[in-house]
Trainee: 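Once you've had a glance at the structure underneath, I'll fire off some questions.
Just so it is clear: chains get the letters A, B, ... in the order the sequence lines come, proteins before strands, and each one is counted from 1. Because only heavy atoms are used, hydrogens play no part in the values below, and waters and symmetry mates are left out as well, while side chains stay in.
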2 protein chains.
Amino acid sequence: MAEKKRTETTEGRRERKRRQTRARIENAAMTLFLQRGFEATTIEDITEAADVSKRSFFDYFPSKEEVVFAWQDAFADRLMAAIAARPTDESSVTAVEAAITATVIAAVDEPGLALGDLIHRTPALKARDQLKYAKLEQKLAEALLLRKGDDPLERPRMRVLAAIVIGALRVGAELWQQRPPSASPQDFAREIFADLWKMLAEFGEEAKTRR
Amino acid sequence: MAEKKRTETTEGRRERKRRQTRARIENAAMTLFLQRGFEATTIEDITEAADVSKRSFFDYFPSKEEVVFAWQDAFADRLMAAIAARPTDESSVTAVEAAITATVIAAVDEPGLALGDLIHRTPALKARDQLKYAKLEQKLAEALLLRKGDDPLERPRMRVLAAIVIGALRVGAELWQQRPPSASPQDFAREIFADLWKMLAEFGEEAKTRR
DNA sequence: GAAAATGTTGCGCTGAATGCAAAAATGCAA
DNA sequence: TTGCATTTTTGCATTCAGCGCAACATTTTC
């Protein structure tokens, strides 16, 4: 009824309709959210615009918030794949920079990045947004650790590296919002990372030569 | 009705009762949350146990979640104060290490740190928990920047430093959960920070000598 | 003590989310 | 095509969070 079950056979009309309906709900919801705000939009508004029953909404999304963040899992998975694809002999910082840059640039035109305003203006979404970063960080750490042969000693190192990089991603996303759309994402990413590594070296140096 | 208004006079019975009631609600809620879980506890359960009306609950807390996180603002403010108290000529990394260590150690015996399990087991609280760190990070960055005379050029640097340190705090809190209660918080904090600065230097170096 | 301010409660309402079972659509035979 | 199993969609009833409002209670102030 609600779960997708693959019975091996290549599927036809049923799945197609389901995807269409899902897309209709998603589009209707996004349009309304951006138009009149998240809280001011009721589930009924959405289902009416998408022409499905109110009950059916929950057959496609577990909650109102999930519509906004539906794309997130795919992004995290792509990032993990990008990390895994880097050569094993490469240093962690090089691998993570390359993987993040590639994944972000590939996703820069997708919907979901234009949502910054909406999320920022809605407390409930803000919390959910932070959780997204936390999950991303966890997956990134996992992927980085796997590259190192799952060495338990590397675990805290990779956790911290992931925290640093995702932190930079967060700050970077914020800076990106308030940039003219003229700058290319490539240059922007390169600059952000260059600054980041420079700061790391400086902070590390500062700590070393401390009284 | 719901807001506290100081009319300058030294307060008497009213405020005392209000604080008592607030504490009763908080205690009842926490007891029930830890006993049967967050979602399984209704507002009515809490108000019944605290012997107030259901409506009054919202006169003290804006939502069920806020009961759990009520202590957080105080912590953030104390951290800011600790940062502001450091001498201005001190390096940012030294200041932040000292301030965080002092503030965390002072708070280690307070309620709110035993909640890790509950939060970890409740999705809705997990999101809220991450938001707490985000707010902490923002305030920390603000405090650090103020120390630097609000120099706009230092802003991204301090944002990133705050992100790194709060990231370490997050990882540290996680590691602390799964530690024997034998280790002293002082040593633990010192060790965490030592590792952190070392990693920063290493990552910075790694990035510098890159192909 | 009376009047003003503040605190508490009951009541009713909206909206999110869930369970359940009936109805509709689809896929698959023969 | 028809009949049957499976999946999807829907309606309905229910629980619970949260808010607005107005009546009622208590405390403060004069």
Trainee: Report the nucleotide, chosen from D:dG11, C:dA16, D:dG18, that has the shortest atom-to-atom distance to any side-chain atom of A:T42.
Mentor: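 Within the option list, the nearest is C:dA16.
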
Trainee: Using whole Å, what does the distance between atom P of nucleotide C:dT8 and atom CG of B:D51 come to?
Mentor: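 Those two atoms, CG and P, are 12 Å apart.
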
Trainee: Choosing from C:dT9, C:dA17, D:dT26, which nucleotide comes nearest the side chain of A:S63?
Mentor: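 Given the options C:dT9, C:dA17, D:dT26, the side chain of A:S63 is closest to C:dA17.
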
Trainee: By nearest atom, which of the nucleotides D:dT10, C:dA17, D:dG20 is closest to the B:R55 side chain?
Mentor: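 The answer is D:dG20, which lies nearest to the side chain.
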
Trainee: Using heavy-atom distances to pick each residue's nearest nucleotide on DNA chain D, tell me which of A:V52 and B:F38 is more 5'.
Mentor: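 Counting from the 5' end, the first nearest nucleotide belongs to A:V52.
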
Trainee: Find the distance B:L32:CG to D:dC16:P and express it as a whole number of Å.
Mentor: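 That distance rounds to 14 Å.
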
Trainee: If you take the centroid of each ring, where Trp contributes its six-membered ring, are B:F203 and A:W197 closer together than 6.0 Å?
Mentor: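 Centroid distance A:W197-B:F203: not below 6.0 Å, so no.
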
Trainee: Go through the side-chain N and O atoms of A:S56 and A:D59 and say whether any donor and acceptor fall under 3.5 Å apart.
Mentor: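 Distance-only check fails for A:S56 and A:D59.
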
Trainee: To the nearest Å, give me how far apart CD1 (B:I25) and P (D:dG18) are.
Mentor: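 Atom-to-atom, B:I25 to D:dG18, this comes out as 14 Å.
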
Trainee: When the distance from CZ of A:R18 to C1' of C:dG27 is rounded to whole Å, what number comes out?
Mentor: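 Whole-Å distance recorded here is 16 Å.
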
Trainee: Any ion pair linking B:D77 and B:K139 (charged N to carboxylate O, less than 4.0 Å)?
Mentor: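 Salt bridge between B:K139 and B:D77, a charged N being under 4.0 Å from a carboxylate O: yes.
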
Trainee: Across the strands shown, which category fits B:T47 at heavy-atom distances under 4.0 angstrom: base, sugar-phosphate, nothing?
Mentor: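 If one applies the 4.0 Å heavy-atom cut-off, B:T47 turns out to touch nothing in the nucleic acid.
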
Trainee: Nearest to the side chain of A:F58 - D:dT10, C:dA17, D:dT8?
Mentor: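 In terms of side-chain proximity for A:F58, the closest of D:dT10, C:dA17, D:dT8 is C:dA17.
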
Trainee: Indicate whether OP1 or OP2 belonging to D:dT10 is found under 4.0 Å from a side-chain N or O atom of A:S56.
Mentor: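 So the side chain of A:S56 is within the cut-off, an N or O lying under 4.0 Å from OP1 or OP2 of D:dT10.
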
Trainee: Is the terminal nitrogen or CZ of A:K132 (NZ for Lys, CZ for Arg) located under 6.0 angstrom from the six-membered ring centre of A:F69 and within 45° of that ring's axis?
Mentor: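 No, A:K132 does not sit over the ring of A:F69.
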
Trainee: Of the candidate nucleotides C:dT9, D:dT10, C:dA25, which contains the atom at the shortest distance from the side chain of A:K17?
Mentor: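 Of all the options, the side chain of A:K17 is nearest to C:dA25.
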
Trainee: Write down the distance between CG (A:D59) and P (D:dT8), rounded to a whole number of angstrom.
Mentor: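 Between P of D:dT8 and CG of A:D59: 8 Å.
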
Trainee: Quick one: stems for DNA chain C, with Watson-Crick or G-U pairs under 3.5 Å, at least three in a row?
Mentor: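 The stems are C:1-6 with D:25-30, C:8-30 with D:1-23.
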
Trainee: Can you identify which nucleotide, out of C:dG10, D:dT9, C:dT8, has its nearest atom closest to the B:Y60 side chain?
Mentor: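 Of C:dG10, D:dT9, C:dT8, C:dT8 is nearest to the side chain of B:Y60.
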
Trainee: In whole Å, I'd like the distance from the NZ atom of A:K54 to the C1' atom of C:dG19.
Mentor: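 In whole Å, C:dG19 C1' and A:K54 NZ are 13 Å from each other.
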
Trainee: Measure from CD on A:E15 to P on D:dT9 and round the result to the nearest Å.
Mentor: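 After rounding, the reported distance stands at 12 Å.
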
Trainee: For atom CG of A:D151, is the number of surrounding heavy atoms from other residues, nucleotides or ligands below 6.0 Å larger than 12?
Mentor: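 Correct, the count exceeds 12.
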
Trainee: Determine the contact category for B:F61: base if any of its heavy atoms lies under 4.0 Å from a base atom, sugar-phosphate if only primed atoms, P, OP1 or OP2 are that close, otherwise nothing.
Mentor: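 Nothing, no heavy atom under 4.0 Å.
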
Trainee: Starting from P on D:dC16, measure out to CD1 on B:I43 and report it in whole angstrom.
Mentor: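 After rounding, the reported distance stands at 11 Å.
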
Trainee: For the residue pair A:R24 and A:Y60, would you count it as a cation-pi contact if the rule is NZ or CZ under 6.0 angstrom from the ring centre and within 45 degrees of the ring axis?
Mentor: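 No; the conditions do not both hold, so A:R24 does not lie above the ring face of A:Y60.
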
Trainee: Mind telling me whether A:F188 and A:W176 have parallel, tilted or perpendicular rings, with 30° and 60° as the class edges?
Mentor: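 Taking A:F188 first and then A:W176, their aromatic rings stand perpendicular (interplane angle over 60°).
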
Trainee: Does a side-chain N-to-carboxylate-O contact under 4.0 Å join A:K135 and A:D73?
Mentor: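 Looking at A:D73 together with A:K135, the answer is no, because their closest N to O distance does not fall below 4.0 Å.
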
